[in-house]
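Only a predicted model underlies this, so the values are computations on that prediction, with no experimental measurement involved. Numbers for residues simply follow the sequence, beginning at 1.
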Amino acid sequence: MSMPSGFVDLQVNGYAGLDFNSDIYTDEDLVSVCHRLRADGVDQVLATIITASPVEMRSRIKRLGDAISRDPFVAAVINGIHIEGPFISPEPGYVGAHPVEHVCGADVDIAKSMLDSANGLVRLVTLAPECDPGFGLTHWLVGQGVMVAGGHSNATLAQMRGAIDVGMAMFTHLGNGCPAMLPRHDNIVQRVLAVADRIAVSFIADGHHIPKFALRNYLQQVPPENVIIVTDAISAAGLGPGRYWLGQQVVDVDNEGAAWAADRSHFAGSAATMLAMVDGLKKIGCDTDSIARWTSENPRRLLATRPQGWSND
């Protein structure tokens with residue numbers, strides 16, 4: 001049975017030593033990382049910029065957008081930019097590895113300034129629906145041709161449904177970006193599962209972010225056409241244990257490959273490659289056809305469909 005390839009990864013913060021949230025990499029560094037991604041079976045990624053000050057985020061988005069526009073090979077690998085934050089929940093647990101001092105409520109002007117910096121390359125924005133009153137930013141982004149995902153969120157079921165009604169197409173890394181302890185029934189995991197027939201749902205399948213038995217349960221509950229596997233890779237991906245950077249924070253990768261924030265209170269991205277995730281999915285009993293669907297076909301289809309329509313037929 002052959003290993004799936006041609007992966008499409010919608011959440012890559014960095015890879016093989018390069019941090020997309022850094023201010024110091026070169027075009028040559030980016031080309032090198034794109035070659036490494038291709039060597040690891042990855043066809044396309046969305047380079048992810050996480051929460052920082054608006055000035056820093058605009059600068060990093062522009063740096064990426066300009067570099068992508070300068071090199072056809074880079075553009076072939078980096079399909080576009082995923083902005084994760086700053087319009088997310090500031091609450092402990094839900095904010096995850098994002099610097100809470102830079103988190104803010106939904107703001108069309110800030111979002112517009114980021115899109116304007118990107119040479120038209122922003123494909124996806126992750127935000128918390130409860131931080132977008134009236135879902136105005138979600139509606140505006142969809143109108144700009146940008147996909148919207150919920151994430152780092154404690155949205156109510158009504159808020160989830162309201163955001164979906166105006167175009168939210170996905171939920172980012174379910175089971176993460178939330179506290180370790182949740183109410184036993186009415187919680188963000190259960191709410192997303194309740195609407196999983198209407199949106200795509202992404203999971204980090206590195207064996208650390210979600211226990212294997214729990215991931216298997218989730219994969220049985222989300223319609224197979226709506227499952228997306230993402231790496232949430234940081235610069236440590238493919239390099240093994242050590243100390244790495246994600247933006248302005250230090251991340252420690254342990255001997256088991258888990259990427260920890262400096263205080264060991266939560267994970268800060270993943271050090272796993274998509275190949276490693278495929279291997280892990282096989283070990284929990286997922287078949288090759290399903291893995292190919294979740295790591296390639298579904299995310300490719302979502303990117304091609306753009307914001308209006310994760311098809312549910």
*Okay, side chain of His98, backbone of Gly177: is any donor-acceptor separation there less than 3.5 Å?*
no
- Which is it for Asp165 and Arg198 under the side chain to side chain contact (heavy atoms under 4.5 Å, CB included) test, yes or no, and what are the steps along the way? CA-CA 10 Å; Asp165 287 344; Arg198 299 184 63 193; 2.7 Å; yes
Does the side chain of Leu18 come within less than 4.5 Å of Leu30's, by heavy atoms? yes
Residues joined to Val253 in its hydrophobic cluster, side chain to side chain under 4.5 Å directly or through other members, sorted by chain and number, are Leu239, Tyr244
Tightest non-hydrogen contact, residues Phe87 and Ala106, listed as CD2-CA, 3.6 Å
Practice prompt. Kindly say whether Asn79 contributes a backbone atom to a donor-acceptor pair with the side chain of Arg123 at under 3.5 angstrom?
Written response: yes
Item to check | Pairwise side-chain contact, Gln190 with Asp186, heavy-atom cut-off 4.5 Å (strictly under) | outcome: no
Keeping the roles fixed (side chain from Arg60, backbone from Gly247), state whether a donor-acceptor pair exists under 3.5 Å.
-> no
Quiz prompt | Chi angles and distances behind the side chain to side chain contact (heavy atoms under 4.5 Å, CB included) call for Ser202, Met170 | solution = CA-CA 8 Å; Ser202 74; Met170 192 175 98; 4.2 Å; yes
| Given side chains that start at C-beta, do those of Pro86 and Met57 come closer than 4.5 Å, heavy atoms only? | yes
Smallest heavy-atom separation, Tyr15 atom then Ala237 atom, equals CD1-CB, 3.6 Å
- Query: Can Val192 and Met160 be said to form a side chain to side chain contact (heavy atoms under 4.5 Å, CB included), step by step?
  - Reply: CA-CA 8 Å; Val192 174; Met160 287 291 300; 4.0 Å; yes
Tightest non-hydrogen contact, residues Leu182 and Cys178, listed as CD1-SG, 4.2 Å
* **ring-ring contact (aromatic ring centres under 6.0 Å, His included) between His209 and His173, intermediate numbers included** => CA-CA 9 Å; His209 279 78; His173 56 47; 7.6 Å; no
Exercise. Answer yes or no: are there more than 12 heavy-atom neighbours, outside His266 itself, under 6.0 Å from its atom NE2?
Key: yes
Self-check item: Check: Asp23 main-chain N/O paired with Arg63 side-chain donor or acceptor under 3.5 Å
Solution: yes
Of all heavy-atom pairs linking Val230 and Asp9, the shortest is CA-OD1, 3.5 Å
dist Leu64:CG -> Ile49:CD1 (nearest 0.5 Å) comes out at 4.5 Å
Next item on the list: Measure from NZ or CZ of Arg191 to the centre of the six-membered ring of Phe171, then state whether that distance is under 6.0 Å and the direction lies within 45° of the axis.
Entry: no
Please check this pair: side chain of Arg36 against backbone of Gly17, looking for a donor-acceptor N/O pair closer than 3.5 Å.
no
Taking C-beta and beyond as the side chain, do Asn298 and Ile229 meet within less than 4.5 Å on heavy atoms?
no
Q) Is any side-chain N of the basic residue among Asp287 and Arg293 closer than 4.0 Å to the acidic one's carboxylate O? A) no
query = Any side-chain heavy atom of Thr231 within less than 4.5 Å of one from Val42?
reply = no
Q) Has the side chain of Gln249 got a donor or acceptor atom that lies under 3.5 Å from a matching backbone atom of Ala97? A) yes
CD (Glu297) and CD1 (Ile291) are apart, to the nearest 0.5 Å, by 12.0 Å
Pair Asp232, Asn13 - check side-chain hydrogen bond (donor to acceptor under 3.5 Å, both in side chains), show working. CA-CA 6 Å; Asp232 198 19; Asn13 308 283; 2.7 Å; yes
When you look at Arg58 and Ser117, which way does the side-chain hydrogen bond (donor to acceptor under 3.5 Å, both in side chains) test go after all the steps?
CA-CA 6 Å; Arg58 285 194 298 270; Ser117 301; 5.0 Å; no
Could you give the side-chain donor-acceptor pairs of residues 125-138 under 3.5 Å, partners two or more places apart or in another chain?
residue : atom : partner : partner atom : Å
Thr126  : OG1  : His82   : NE2          : 2.7
Thr126  : OG1  : Thr172  : OG1          : 2.8
Glu130  : OE1  : Ser153  : OG           : 2.7
Glu130  : OE1  : Ala155  : N            : 3.3
Glu130  : OE2  : Asn154  : N            : 2.7
Asp132  : OD1  : Gly136  : N            : 3.2
Asp132  : OD1  : Leu137  : N            : 2.9
Asp132  : OD2  : Leu137  : N            : 3.4
Asp132  : OD2  : Thr138  : N            : 2.9
Asp132  : OD2  : Thr138  : OG1          : 2.7

Check your understanding: Is atom CZ of Arg161 surrounded by more than 12 heavy atoms (other residues, nucleotides or ligands) closer than 6.0 Å?
Key -> no
CG (Asp252) and CZ (Arg243) are apart, to the nearest 0.5 Å, by 4.0 Å
*Would you say Glu84 and His152 make side-chain contact, with heavy atoms under 4.5 Å?*
yes
inquiry  = Check for me, please, whether Val146 and Val166 land in the same ILVMFWY cluster - side-chain distances under 4.5 Å, paths through other members count.
reply    = no
Interatomic distance, CD1@Ile228 vs OG1@Thr295, rounded to 0.5 Å, equals 9.5 Å
When every non-hydrogen atom of Ala196 is compared with those of Val201, the smallest separation belongs to CB-CG2, 4.1 Å
*So if you build clusters from Ile, Leu, Val, Met, Phe, Trp, Tyr with side-chain heavy-atom gaps below 4.5 Å, do Ile110 and Val100 land together?*
no
Could you walk me through whether Asn226 and Asp197 pass the side-chain hydrogen bond (donor to acceptor under 3.5 Å, both in side chains) check? CA-CA 7 Å; Asn226 288 0; Asp197 60 330; over 6 Å; no
Taken to the nearest 0.5 Å, the spacing of Ile88 CD1 from Cys104 SG works out to 9.5 Å
- Query: Quick one: are Asp206 and Phe267 in side-chain contact, heavy atoms under 4.5 Å?
  - Reply: no
Parallel, tilted or perpendicular: ring planes of Phe203 versus Tyr218, cut at 30 and 60 degrees: parallel
- prompt: Is there a side-chain contact between Val122 and Met114, using heavy atoms and a 4.5 Å cut-off?
  reply: no
Worksheet entry | Steps toward side-chain hydrogen bond (donor to acceptor under 3.5 Å, both in side chains) verdict (Thr26, Asp29) | CA-CA 5 Å; Thr26 66; Asp29 294 331; 3.1 Å; yes
Would you say Asp43's side chain and Ala76's backbone share a donor-acceptor pair under 3.5 angstrom?
no
- request: For side chain to side chain contact (heavy atoms under 4.5 Å, CB included), just list the numbers for Asn21 and Trp245, CA-CA rounded to whole Å, side-chain angles, deciding distance to a tenth of an Å, and then say yes or no.
  value: CA-CA 9 Å; Asn21 291 273; Trp245 288 91; over 6 Å; no
request  = Count the heavy atoms belonging to other residues, nucleotides or ligands that lie under 6.0 Å from CZ of Arg264, then report whether that count exceeds 12.
outcome  = yes
request  = Answer yes or no: is there a donor N or O on one side and an acceptor on the other, between the side chain of Ser69 and the main chain of Gly65, under 3.5 Å?
outcome  = yes
Of all heavy-atom pairs linking Leu10 and Leu46, the shortest is O-CB, 3.5 Å
- Can you tell me if Asp71 uses its side chain to pair, donor with acceptor, with the backbone of Val74 under 3.5 Å? yes
Rounded to the nearest 0.5 Å, the CZ atom of Phe20 sits from the CD1 atom of Ile50 at a distance of 13.0 Å
So, does Thr48 use its side chain to make a donor-acceptor pair with the main chain of Val12 at under 3.5 Å? yes
